[in-house]
Structures are given as structure tokens and as C-alpha cells.
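Order of the sequence lines fixes the chain letters, A, B, ..., with proteins taken first and strands second; residue numbering starts at 1 for each chain. Heavy-atom basis, side chains included; hydrogens, waters and symmetry copies ignored. Here the structure is a predicted model, which is why all the values come from computation and not from measurement.
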Number of protein chains: 2
Amino acid sequence: GGPMKHSDRIVKLRDALLDAQAALRTAPHAGSVVLIVTGIPAAGRSETVHQLLDWLDPKFVTVHALRRPDASQRERPALWRYWIRLPPGGRIAIFFGAWYGDILLPVRDARGTARTFDAVPECRALARIRRLETMLRRDGVQVVKVHLHIDRRTQRKRLRALRASTLTRWRVKPVDLWLARHHAAVRRLADRCIRATHRPGAPWHVIDGSDGEARALTVGRVLLRALRRAKEPAVTARTARRAPAVRRRHAATPAAFKTHQEGPDVSAEAYRRALQVLQGRFALLTRRRAFARRSAVLAFEGMDAAGKGGAIKRLAQALDARVYQVVPVGAPSPTEQRYPWLWRFWRHLPRRGEIAFFDRSWYGRVLVERVRSLTPAVDWQRAYAEIREFERQLAEHGIVVHKFWLAVSREEQLRRFRKRDADPLKRFKVDPEDWVNRRHFAAYERAAQEAIARTHARHAPWSVIEADDKRHARLAVLRAVCERLERTLDAGA
Amino acid sequence: GGPMKHSDRIVKLRDALLDAQAALRTAPHAGSVVLIVTGIPAAGRSETVHQLLDWLDPKFVTVHALRRPDASQRERPALWRYWIRLPPGGRIAIFFGAWYGDILLPVRDARGTARTFDAVPECRALARIRRLETMLRRDGVQVVKVHLHIDRRTQRKRLRALRASTLTRWRVKPVDLWLARHHAAVRRLADRCIRATHRPGAPWHVIDGSDGEARALTVGRVLLRALRRAKEPAVTARTARRAPAVRRRHAATPAAFKTHQEGPDVSAEAYRRALQVLQGRFALLTRRRAFARRSAVLAFEGMDAAGKGGAIKRLAQALDARVYQVVPVGAPSPTEQRYPWLWRFWRHLPRRGEIAFFDRSWYGRVLVERVRSLTPAVDWQRAYAEIREFERQLAEHGIVVHKFWLAVSREEQLRRFRKRDADPLKRFKVDPEDWVNRRHFAAYERAAQEAIARTHARHAPWSVIEADDKRHARLAVLRAVCERLERTLDAGA
């Protein structure tokens, strides 16, 4: 630490950093920068970050040093607390450890020996990190990772010097001493982790921490390159306006969805009774003790006027208002557009014991954004894998994920549009866009069928509901939700 | 509940509600509406809210039904979880219970008897609510409160009917039965609470819940009036452009701040040593067990170039990055302007064991906004009381609140501006606005002196620091923080 001599190199670097930061802030469609700082005790992590903050305009940098997850964080999937802290375009976020924090810090076991590298869960965690970083990069986030290292002797000397004076002793915490005693094990762990996640789009920079000035210069230059790269808009933004038209991926047009159920329509009286029975069943399921340890994410998709809102309402009516939220999803707002595309869905994940109903969802990426060419093909095509990854993380956290496609026929949709247009109380539901979307009915159906085929999974299944008869559709949704919850809660008990 | 006949009155009301909602959304500077729904079991709270959601465009309404505070909520003052959920201008938020939730629900004591009305804390809580609602109203939030009531016989009959059928039994929870058994006590509690908080700007509407249609109509009309009132911009927005010039409140110009300390300047070596000693003392204080149950909010004010950032940096250097955040405060963003003015500060309150450094703060309301006539006099004048209330709530929650005025002379400021202008590495710190502000130096000093005099309190004191010598100022700030923490933690232990 200590004030640093303003050598020429540093002056030049500071100047360039300020320029790059200002340019990034004002560039249209700019990406963001995530700088992850890891390292071993006494290698100078805090000093380096303080130094960077001193060089940059600190108003546009946020530093995150997350402690062990608190209760509200443990109620969401592990990556949630990082997702909601991602910086918007034009900004910098510095994370101490970030998603490497949990892996890089070896946990002491009961005997006080360093935890060995536990192959299976770690490999899975590392693969997850690779997928996350790939996705962030494609969404315009420059992920830069620096690991500060010093050799065993230097570390010991520094810690000894700090502890020798009452003035600096407080800087050394017990965990630092423990980590220093296990220098070799910590190093092996870090090496392994770094090797597994060092990739072209998100490289690691292992930096020698023994010299304060050289260390800060090196990290500063790494950051400078990232700032300059971030200024170039992500692939998405650059090509958004010249996206190719929707390509027919399947030579044969698949059959249209079944929109009308077998057998007679449901009478009003039978509907009322069945609704009551199912709502009771649903309510009791959510009050089971096993559900208090889980949560549910129910996504509703379908053409305009397919009855998504009505189906959600019949589910919500059965619940205490404290345990659910309805998340209406439309086009991303200007604010939302400054973040990676899944960010706005991560923000609304439910706590344990709660249910989130998504009225439209992340599938918009491969439905409306695809059909209406709002997103370049290269981006919506990668969304299938990104959605699978997202839903897998929810499921692994114990969230019951279920997706509904309410299938309505083109004729029935027209009848409903006309009825809405005629009813002054429902006119707010009709958007000129709906009529435009209707012209693309067949393209939507094809996109939906591909989305369903590519994202249907045991842990995150789709239910396709015949929805030309609203009563039938609502009961079918309730029934599917109840059956899914019963299966899940019984299996988990 | 059950589906309701679309009588003419309802059709008319729905039509008016949709119109009013759309008008509110598009009006410039529109206020927001907070609808609070309370009531006794079986009086139809959920049904009424569902009905309203059915009538309104649900995309622009958020319903909040908060459960008992979770860990992260308990770490902040009681009203925090409501503040961060206030709707922006143009929107509606419906709260079940809201800040009345904790008061209206009588807690069963060990013997299962209804808690009696505990006069002292309740009176304080009710006074706090009155101040909150007054403030919200002045900031353009229409607070509307409805309490649904049914008589004892109707309640019993309804609960019995619900419990008689296996189809509806699940709707009745044990707490409902308990509350029903204590019908009279619950009623007394509600009456008292309603009488104490029924005020012209935030009236209660006690509504008979025995008839579903009449109930929904009445609540709908109450909401309709609020929507229409909210469309009229708040006093603030309406008069913002014709705010009166700053009035001299004190006939005599008070003496300028003392900007230079007694005695000799601090030498570089003495500074370095003293800094180290104080940083160590500060670090150890924040690691004391007593601090883990508290938190600190440290606000820094002063003229441009007074050294606020530098002082904060010297404090932050002593801390683990995990336990503090620096909150730089500038002019409110367009988003922030859509909320009550204190909202953006509530959002950044620290968790237990953490420290928030505010680089400028809520005092901007009575400093820059006053001096530069950005806020009408009627609004910044009420801010003193609002600030006192805000800081009192933090202090009562155990947050150590301390405010610093770094007093720099006009001459020293000029020297620093010139130095910054000449230094390419500090040029980002110079804003043309700073030179404009400088012309108002004397007005700023007067405003600061009034602010300090009117908001200095035992639990939230000001320290005025002579800041012409940066080294002296930084040490003085550190010393004041340490002394305050020591006093507080020793007293609490």
C-alpha cells in the first residue's frame, strides 16, 4: 500500500483509463465490464482495487464484496446474487471473488486440514461458470479475471511484518494465517480452477503481487483493454438492425397445435364445481410442509388472447396473496436492454415457499423476438441452450419449473379479438401490435413448436393445453399444476 | 366471491377506472397511488383486491402482501421494506396491511388471550405513520386506506359455511378462527388505529364487507378518486419552475465556517503515522462483536473540492471490502425523480455489521436544491422535519448516524479547482457546474449552517471539520468516527 510515486507509466495509464471510461459511458449500445479479483492473502487484492478506484471516476464503478450468502440469498439459486448485481452497459463492476469465491476458498474440515478438491461437484460448478461467462460475453459483458499470487516466502514475510506492529496487526485475520499455512494446497486449488475456466472470451491473468506498483499497472492495463473492447457494441447490438428474416429450420411444416379438447364442452355448473375442487387441492399443496422448502416458477405462453391471464388468475385465486407474485412480461424497457437478456427474469425468482407466475416469459426470446426479427438469428439461436441452463439451475435449487403453451386456433383468436374490440372494458387489452402478430400466426406456431421441442425436460416440462374452450383450458392448467406438485412433493418427502 | 353480475354501475365504474388509469400513466409529473387494504377475516379483502385487478389493467398495478419480515428485512428499519416498494409516478401499488399490518394484527400472548393495546409504543408507531403519510402525500403519493368490516354474526356464518364444505375448508386458517373469537378486541384495536391515522390527506374508508358487489363498488370508487387526484401533479412539480428565490431567513449573516485548524499544519510523516493508528482503531471497532448487531451511516457534505471523497477513502481503506459501500449522490436520475425524494436514500441503507458512506447525501435537498432553486421553498423547508424523522428511524434501529461538514474556504477551493484543471488525471472531477456553484459560495454556507442547526441531534450529530488542510481534515474525520463508535458501542455493551 502507501501512496505511489507518479511514474510516467502510471500517469499515462491513468489518463488512458479515464478516457476509456468516459468513452464507454457515452457510447451507444456499449457493453459493460466485470472485473473479478481473486488471490491469496497479502498478495494485495484490496490495495489493487483501491488503487483502481483512485484512478477511475468512482461514480461509475461499483465494488461488490459479498459475504457468505444470507437467508434471502440462500433462498435463490447460487448465481442469483451475482446476476442481480451485474452492471448495466457503460459501467464497471469489480467483484472480489465473484462466482469463484465459493470454489477458491478451501473450507477447513473438522480436523483443520485443507479440504481436498472434490472432483464431481467442482467440475459441475466450473462447467456452469464457463457457460455463464460465455453467455455474458455474448451479451456484451467483458469478463476479466485477475488472480494475484505471491510465493510462500514473500507471503510469510508480509504477514509477519503486518503482525509485528500493533498499527497493522488488525489487517491480518485468522483465516489469512490458516490459508498461508496451506499455501501449496491453496495454490493447487487455484491452478486447477484457473485452468478450467481460462478461455478466450474470459481469460485469467495470473499476476505477481510482490511489487505494488507493477501489480497495479498490470491490472490497470488489463482493465483498460477490457474497457476498450466493451465500447464496441456487442454482436447483438451491432447487427440488430440487419437481422436475417426467420429461416425455416424444418423443411416440413409441423402439424398445427391441437386447440380443441376431445369430448363435450364443459358446462358452467361443472366448471364451477371442478374449479373449486382443483383450487382447494392446489391451495393445500402449497401449504404442505415440503413446499415451504421449495418454490415454483410457472411460465405461461401462447398467442395473444389465448387466455394466459385468465388461467393465472384462477391459480392465484386459490392462494394467499403473500405467497405468489404475477410477473407480466412485455418488451424489455430501455433500462432492461442495458443488461444481459436473462437479467430481468433472474430478478423475479421467488423465495422459498413462494410461486412466481410469468405471464409471458424468457421464451419471448425465441418467439416474438425471433418471429418479428427483433433479435438477430445468432442470438435467439443460442437462447435455447441458455434457457436450458437457466431452467436447470432453478430446478437444481429445488424450484418446480413448469411451462404452459395455451394453444388457441386462429379462428378462435379472431373471435376473441372482435369481442374485446367491442367491449369498452376490455379495449385496453387490444394492442395494434396484436393484429400485426396475428398475421404471423403460422410463424409463431412453428417457433413455439421448436422452442417446446428444444426445451422440454423432465425437470422443466411443457404442458400444451387445448385452449379454444377457456373453461377446459383453465381446469387443464390447474390439473397439470396439481399433478406436477404432487409428484414433486411426494418424491421429495 | 364468485363471478359478479355486470350491473350498469359496475360497467360504468370499470370504464372510468380504465380511463383514469390510462390518463395517470401518460400524464407528465403524475403522482402514484398506494391503496392499503386491511380488514377482519372473511370480510373479503382478497376478493376485493382480485376484483380490482380484474377491472384495472394489471400490467401497471403491483400487489404486495408482505409476510413477517425476513432476515434481510429485519436488518433494516421497520419501514424500509415499504419504502423500497413504493410505486413510481403513474403507477398503483396495493398493499395488504402495509405499515398497519404489524399494529392491526393482535398478537396472541402465551395464554392465548388477545394482546391489549400497548399505549406507549403504539402511539409512537401511529405518530410515525402519520408523518410518513403526510410526507408521501406531499411528494405526490395518494395514500388511500380501506378497512373492510363485517359484524360478528356475519363473520361467524361465513367462516362456518366455508368450513362446512371440504371444497372451501382450506380457505380458513387457524389464525382466522382465533381472530374471529376475539372479534370485539380486534375491532377496538382497529377503531383506535383508524381514529389515530384518519387525516384529510390520507383518509380511512371503513367499508361494510357483507355484500360483495357493494363492497367492490365502494372500494373501486375510492380508488377512482385517488387515481384522478394523482393525475394532478404534486405541488412540487406544479410549482417547480416558479420557485421563489432563496429567502434570507436570518437577518444577520452568520459567521463563515472555521476552515483552518489551530496550530501548525500536519507534517507528512506525522500524518502517515497518525493515519495508520486511527485506521487500525477504526478497523478494530468495526470488528467488535457489538458492531455486528449495528451498522453505520456516515454522510459527507461540503463544498465542491472540500475533500469528501478523500476523507471517505481514508476510512474505507481500513475496512474489509465486504463491510462497506460508498454511495455517491448526484442529481436524482429521471427514474429517481418519479419516487418520493427520500426513496433513493432508503434504498442504500446498510445491513447489520455494515457501513454506508454517503458522498453527498439527503442534505442536497436543503443545500444545492435550495440554493440553486431546483426545489420550491415549500418543499425544501419541510425537508428539515423529514430528515429528522428519517435519521431518527435509523438511530432507533441501532444505526450509528454521523454527518460531516468539511469546511473549506473560498480561496482554498479556488486553489484546488485550478490544480484540478491543470491535472489531466483529475480533470474528470471538474464540472462546469462547480464554477457556477462557487458563485453561490456564501448562500451555500448559510444554507449549510441552517441545515446543521436544524438537524443536529444527539443520535445524529454533525461534526464540522476544518478542511483547508487535507491531512488535518482526514485525521479529524477518522478521529470523530472512532470516538463516536467507541461511545456508542461502549454504551450498548
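When heavy atoms are compared at a cutoff of 4.5 Å, D320(A) approaches chain B solely by way of its side chain, counted from C-beta outward. For A71(B), the part lying near chain A is the side chain, with the backbone staying farther off; criterion is any non-hydrogen pair under 4.5 Å. With a threshold of 4.5 angstrom between heavy atoms, I94(A) does not approach chain B through any atom at all. If you measure heavy-atom distances from A22(A) to chain B, you find no contacts under 4.5 Å at all. Of the two parts of L284(A), only the side chain, counted from C-beta on, holds a non-hydrogen atom closer than 4.5 Å to a non-hydrogen atom of chain B. For L56(B), the part sitting under 4.5 Å from any heavy atom of chain A is the backbone (N, CA, C, O) and nothing else.
When side chains are defined from C-beta on, V61(A) does not count as touching L52(A), because their heavy atoms never get closer than 4.5 Å. The side-chain heavy atoms of L227(B) and I92(B), taken from C-beta on, include a pair separated by under 4.5 Å. Inter-residue side-chain proximity for Y271(B) and L475(B) is flagged as met; some heavy-atom pair is nearer than 4.5 Å. At a threshold of 4.5 Å between non-hydrogen side-chain atoms, the residues L319(B) and F357(B) count as touching. V37(A) has its side chain out of reach of T48(A): every pair of non-hydrogen atoms, C-beta onward, lies at least 4.5 Å apart.
Ranked by heavy-atom pairs under 4.5 Å with chain A, the list G330(B), A283(B), S165(B) is led by A283(B). Chain A forms the most heavy-atom pairs under 4.5 Å with one residue out of R351(B), E75(B), R45(B), Q21(B), and that residue is R351(B). Contacts with chain B were tallied for L17(A), D54(A), V63(A); D54(A) has the most, counting heavy-atom pairs under 4.5 Å. Ranked by heavy-atom pairs shorter than 4.5 Å toward chain B, the options L18(A), T335(A), V49(A) are led by L18(A). When the candidates V277(A), V327(A), T62(A), V326(A) are compared by the number of heavy-atom contacts under 4.5 Å with chain B, V277(A) comes out ahead. Each of R287(B), Q276(B), Q73(B) has some count of heavy-atom pairs under 4.5 Å with chain A, and the biggest count is that of R287(B).
With respect to R360(B) and D304(B), a salt bridge is recorded, a charged nitrogen being found less than 4.0 Å from a carboxylate O.
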Intermediate values then yes/no, side chain to side chain donor-acceptor pair (under 3.5 Å), Q317(A) and Q279(A): CA-CA 8 Å; Q317(A) 276 171 353; Q279(A) 285 183 334; 3.2 Å; yes
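Using cut-offs of 30° and 60° for the angle between ring planes, the F358(A) and H348(A) rings count as perpendicular.
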